[in-house]
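What follows is a single structure, written as structure tokens, with notes after it.
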Amino acid sequence: MRRCRLIYKSIANPEILESGAIEDLMKLASERNSESGITGILLLSGDRFLQALEGPVRFVNQLFIKIANDGRHHDIELVDYEDINHTCFHDWSMRLLNLKNLDQNQSELLRQKYSHSGDAINYPNDKMLLFSLLMDAKNILLESD
Ligand SMILES: Cc1cc2nc3c(=O)[nH]c(=O)nc-3n(C[C@H](O)[C@H](O)[C@H](O)COP(=O)(O)O)c2cc1C
């Protein structure tokens, strides 16, 4: 079965940033994703989302169409799409990392490596750096488990 990894970024609309809204979204997303073999990670930095979706090409494509039409965010920009032989987030049907909830050390580490505006980390335009940020986010989540 052909598998792919799709990465996009977007800007959150205010209602999804209200208390508990993203957590509710993640719960539903994880349930749905596990039914279709999709795994991934969602980062939130200020009001900016960055999400990686991995899984069977057909399901990832179908899901991205839904996500791209979701009124809870806007300015959706596809940043990477590639066929993969192995998944990076295979343990997670979807995990959220809100960068505003990091402890001081974690926050400092990211701010040293990536450009930032105030407290918010800017998502790198360079694909290697962007992937490196996703891997740092994964490691932060693993450490917190
Ligand atoms: C930032 C963001 C990320 C999302 N991630 C997922 C996801 O990983 N899986 C998922 O099923 N839905 C995700 N959704 C929700 C979908 O856009 C959609 O609302 C959901 O799949 C339900 O669709 P349906 O009830 O029309 O089938 C996300 C929405 C947003 C705004």
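The figures here come from the full heavy-atom set of this structure, side chains too, leaving out hydrogens, waters and symmetry mates. Whatever order the structure lists them in is the order used to number ligands and atoms, beginning at 1. None of these values were measured; they are calculated from a predicted model. Residues: numbered from 1 along the sequence shown.
- By the 4.0 Å N-to-carboxylate-O rule, Asp83 lies close enough to Arg2 to be salt-bridged with it.
- Taking the six-membered ring for Trp and thresholds of 30 and 60 degrees, His73 and Tyr8 have ring planes more than 60 degrees apart, a perpendicular arrangement.
- Looking at Asp136 and Lys113, a side-chain N of the basic residue comes within less than 4.0 Å of a carboxylate O on the acidic one, giving a salt bridge.
- In this structure, the side chains of Trp92 and Leu142 come closer than 4.5 Å at one or more pairs of heavy atoms.
- Comment: Arg48 does not engage Asp75 in a salt bridge, judged by the lack of any side-chain N to carboxylate O separation of less than 4.0 angstrom.
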**Study point:** Stepwise side-chain contact (heavy atoms from CB on, under 4.5 Å) test for Leu25 and Leu96
**Key:** CA-CA 10 Å; Leu25 166 66; Leu96 170 70; over 6 Å; no

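- Pocket lining of ligand 1, defined as residues with a non-hydrogen atom under 4.0 Å away: Tyr8, Leu25, Ala29, Arg32, Asn33, Phe49, Gln51, Leu53, Leu63, Lys66, Ile67, Asp70, Arg72, His73, Met94.
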